[in-house]
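Heads up: the structure comes next, in structure tokens.
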Amino acid sequence: MFPAFKNGERQPSVQVSVRDNNVDQALKALKKKMQREGIFREMKLRRSYEKPSERKAREKAEAVRRGRKLERKRIEREGF
């Protein structure tokens, strides 16, 4: 596989070993790892150019969603 780059730093690539010639199981594991790493999301974002202003707005909206989710979880844990 090719080395993955993120923020100018080299990241280890996603690897899956095939056991007993079971390619279907290895493919399933690979897809799960790629989903967890956010590779599919990254590919979707890179399909077309995103203006810097659109990127800022998207990242800000994502941060707001993450904050709300964390707040919901905190309230649920504290039992309010």
Side-chain angles (χ1 to χ4, degrees):
M1 292 194 99
F2 59 93
F5 291 91
K6 187 174 184 178
N7 298 332
E9 297 177 15
R10 187 175 176 165
Q11 298 289 321
S13 58
V14 178
Q15 293 183 355
V16 175
S17 59
V18 179
R19 296 187 196 126
D20 301 326
N21 287 332
N22 195 345
V23 178
D24 291 331
Q25 185 179 11
L27 184 61
K28 187 176 179 181
L30 177 66
K31 285 182 178 180
K32 189 182 286 188
K33 280 188 177 184
M34 290 174 70
Q35 180 72 32
R36 210 176 304 130
E37 293 287 323
I39 294 174
F40 291 125
R41 189 168 182 268
E42 184 77 19
M43 286 172 30
K44 183 180 176 184
L45 286 172
R46 289 176 183 245
R47 279 190 191 142
S48 60
Y49 178 73
E50 184 178 27
K51 290 174 27 181
S53 60
E54 292 172 346
R55 181 178 176 192
K56 280 183 185 178
R58 177 182 52 80
E59 288 177 349
K60 187 174 182 179
E62 288 173 359
V64 168
R65 274 195 297 277
R66 274 194 311 274
R68 286 181 182 157
K69 184 176 181 179
L70 288 172
E71 185 66 21
R72 274 196 313 269
K73 286 186 175 189
R74 186 185 65 78
I75 289 173
E76 185 178 306
R77 266 195 320 268
E78 294 176 1
F80 282 97

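For clarity, every value in this text was computed on a predicted model and none was experimentally measured.
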Evaluate K69 against K73 for side chain to side chain contact (heavy atoms under 4.5 Å, CB included), listing each step before the verdict. CA-CA 6 Å; K69 184 176 181 179; K73 286 186 175 189; 4.0 Å; yes
Assess whether a salt bridge exists between E71 and R74, defined as any Lys/Arg side-chain N lying under 4.0 Å from an Asp/Glu carboxylate O. yes
Pair E76 + R72: basic N to acidic O under 4.0 Å: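 Looking at E76 and R72, the cut-off is not met.
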Salt bridge (charged side-chain N to carboxylate O under 4.0 Å, His left out) partners of R58, counting only residues at least two apart: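 Only E50, E62 meet the salt bridge (charged side-chain N to carboxylate O under 4.0 Å, His left out) criterion with R58.
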Applying side chain to side chain donor-acceptor pair (under 3.5 Å), can you list everything that pairs with Q35, at least two apart in sequence or on another chain?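 Listed in chain order: nothing, the list is empty.
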Could you give the distance from NZ (K32) to CG (L27), rounded to the nearest 0.5 Å?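 Going from NZ on K32 over to CG on L27, the span is 12.5 Å.
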hydrophobic_cluster_shared for F40 and V14, side chain cutoff 4.5 Å: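 Yes; F40 is reachable from V14 via cluster members.
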Hey, quick one: are I39 and L45 part of the same hydrophobic cluster, counting side-chain heavy atoms closer than 4.5 Å, chains of contacts allowed?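 Hydrophobic grouping puts I39 apart from L45.
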Where do V16 and A26 come nearest, in terms of heavy atoms and distance?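 Looking at all heavy atoms of both residues, the shortest contact is CG1-O, 3.5 Å.
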Can you tell if the side chain of Q15 reaches within under 4.5 Å of the side chain of S17, non-hydrogen atoms only? no
Give a yes or no answer on whether the side chain of E54 reaches the backbone of K51 with a donor-acceptor pair at less than 3.5 Å. yes
K33 vs E37, salt bridge (charged side-chain N to carboxylate O under 4.0 Å, His left out): CA-CA, chis, key distance, verdict: CA-CA 6 Å; K33 280 188 177 184; E37 293 287 323; over 6 Å; no
